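Here is the structure we will look at, set down as structure tokens.
Keep in mind it's a predicted model, so treat the numbers as computed, not measured.
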Amino acid sequence: VQGNSVFRTRDDRPRNVGVDAATRQQLLRAGDVDVALGMPFSDLDELAADPNITIHAIPTTRLYHLGMNLNTPPFDDKQVRQAVSMAIPYQAIFENVIYGYGLLPTSPIPEGMEGHTDEFYTYDEVDLDEARALLADAGYADGFEIALTVPQEDQTRVDAATWVQSGLADIGVTVSINAVPTAEFSELINSHE
């Protein structure tokens with residue numbers, strides 16, 4: 001069960017459910033569905049403790065990323081994008097949002113895909129001093145305010161957004177998190193907003 005889709009229950013009745021993870025988990029625990037995708041990483045260990053549930057953590061090339069519109073100020077300035085990248089607490093997100101289910105990013109192209117290289121990756125460590133210096137050079141010494149839009153049904157992205165918000169606050173960037181329904185999120189992505 002994933003997304004806002006129709007699926008068949010064990011008694012072969014079609015059923016439409018909401019997209020929230022709590023509903024998917026409830027249906028899985030009750031035995032009403034055989035497969036549930038998109039469970040929050042924070043719930044996997046607890047689900048695995050249930051003798052009736054098996055967790056399959058399958059490697060994929062899925063890459064969570066923070067998109068910045070290069071045509072919109074302040075992200076039209078390379079130094080701003082670099083400063084943001086330097087202030088994101090990747091290790092904290094890895095430990096507290098995906099709970100070790102995955103790899104830390106080393107490229108915008110995931111491992112396993114042609115073109116992946118970590119040769120140019122420079123964001124291993126948070127560097128707040130360098131990030132602040134880059135913002136100052138770009139004319140944003142006092143920071144700026146932005147909205148970070150995420151799909152509200154994807155708890156991983158909502159949780160990651162709070163860590164991004166915290167990391168960017170350390171360099172004077174105020175982030176408001178705008179959690180919207182997935183359909184609206186997709187429309188915003190498709191319209192380049």
Side-chain angles (χ1 to χ4, degrees), residues 1-5 7 19-21 24-25 28 33-50 53-71 75 78-127 130-131 148-168 175 177 179-193:
V1 182
Q2 182 173 3
N4 197 9
S5 60
F7 65 94
V19 295
D20 66 281
R24 292 193 304 268
Q25 191 173 131
L28 184 64
V33 297
D34 294 314
V35 176
L37 303 174
M39 292 292 141
F41 295 108
S42 60
D43 295 346
L44 294 181
D45 287 344
E46 180 184 336
L47 285 168
D50 185 324
I53 296 175
T54 302
I55 302 298
H56 295 277
I58 302 166
T60 72
T61 55
R62 181 173 188 176
L63 182 70
Y64 285 101
H65 70 281
L66 174 67
M68 296 176 263
N69 189 333
L70 307 179
N71 298 315
F75 301 113
K78 178 181 174 181
Q79 291 179 304
V80 171
R81 296 190 306 271
Q82 289 173 323
V84 167
S85 296
M86 289 178 176
I88 293 176
Y90 299 103
Q91 187 66 40
I93 292 170
F94 180 74
E95 292 171 4
N96 300 296
V97 176
I98 66 169
Y99 294 86
Y101 286 94
L103 302 170
L104 287 168
T106 59
S107 168
I109 300 171
E111 286 187 36
M113 293 189 72
E114 190 172 332
H116 170 81
T117 179
D118 58 7
E119 182 179 348
F120 307 106
Y121 188 75
T122 60
Y123 304 110
D124 290 327
E125 301 288 329
V126 172
D127 191 339
E130 179 64 19
L148 174 54
T149 304
V150 294
Q152 67 188 17
E153 295 88 1
D154 188 336
Q155 193 62 49
T156 299
R157 291 196 227 182
V158 172
D159 292 346
T162 61
W163 285 95
V164 170
Q165 181 183 50
S166 174
L168 296 185
V175 176
I177 299 171
V180 299
T182 299
E184 183 179 342
F185 180 78
S186 295
E187 287 175 18
L188 290 169
I189 292 286
N190 291 334
S191 64
H192 304 283
E193 294 180 50

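The main-chain N or O of Val175 is found under 3.5 Å from a side-chain atom of Gln165 such that the two form a donor-acceptor pair. Between the side chain of Asn69 and the backbone N or O of Glu193 there is no donor-acceptor pair closer than 3.5 Å. No donor-acceptor pair closer than 3.5 Å links the side chain of Tyr99 to the backbone N or O of Tyr101. Judged purely by atom type and a 3.5 angstrom limit, Asp43 has no side-chain atom pairing as donor or acceptor with the backbone of Met39. Between the Tyr90 side chain and the Ser85 main chain, a donor and an acceptor come within less than 3.5 Å of each other. A donor-acceptor pair under 3.5 Å links the side-chain atoms of Asp127 to the main chain of Glu130, judged by distance alone. Within the 3.5 Å criterion, the main-chain N or O of Leu37 finds a donor-acceptor partner in the side chain of Arg24.
Between Asp154 and Arg62, at least one side-chain nitrogen of the basic residue sits less than 4.0 Å from a carboxylate oxygen of the acidic one, meeting the salt-bridge criterion.
Expressed to the nearest 0.5 Å, how far OG of Ser166 lies from CD1 of Ile93 amounts to 9.5 Å. For the atom pair CD of Glu111 and NE2 of His116, the computed distance is 4.0 Å after rounding to the nearest 0.5 Å. The CD1 atom of Ile55 lies 6.5 Å from the CD1 atom of Ile53; values are rounded to the nearest 0.5 Å. The OG atom of Ser42 sits 9.5 Å away from atom CG of Leu47, with the distance rounded to the nearest 0.5 Å. Expressed to the nearest 0.5 Å, how far NE2 of His65 lies from CD1 of Ile88 amounts to 11.0 Å. Here the OG1 atom belonging to Thr162 is positioned 5.5 Å from the CD1 atom belonging to Ile177, to the nearest 0.5 angstrom.
Between Thr54 and His56, the shortest heavy-atom distance links the atoms CG2-NE2, 3.6 Å. The minimum heavy-atom distance linking Leu168 with Ala87 is given by the pair CD2-CB, 3.7 Å. Contact between Ser107 and Thr117 at its shortest, heavy atoms only, is CB-O, 3.2 Å. Pairing each heavy atom of Val80 with each of Phe75, the nearest pair is CG1-CD2, 4.0 Å. Listed here is the closest heavy atom pair of Ala161 and Leu148: CB-CD2, 3.7 Å. When all heavy atoms of Gln91 and Leu104 are compared, the closest pair comes out as OE1-CD1, 3.2 Å.
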Please evaluate residues Phe41 and Val97 with respect to the criterion side chain to side chain contact (heavy atoms under 4.5 Å, CB included), reporting the C-alpha separation (whole Å), side-chain torsions for both, the decisive distance (0.1 Å), and the verdict.
CA-CA 7 Å; Phe41 295 108; Val97 176; 5.6 Å; no

Derivation and outcome, side chain to side chain contact (heavy atoms under 4.5 Å, CB included), residues Phe185 and Gln152:
CA-CA 9 Å; Phe185 180 78; Gln152 67 188 17; over 6 Å; no

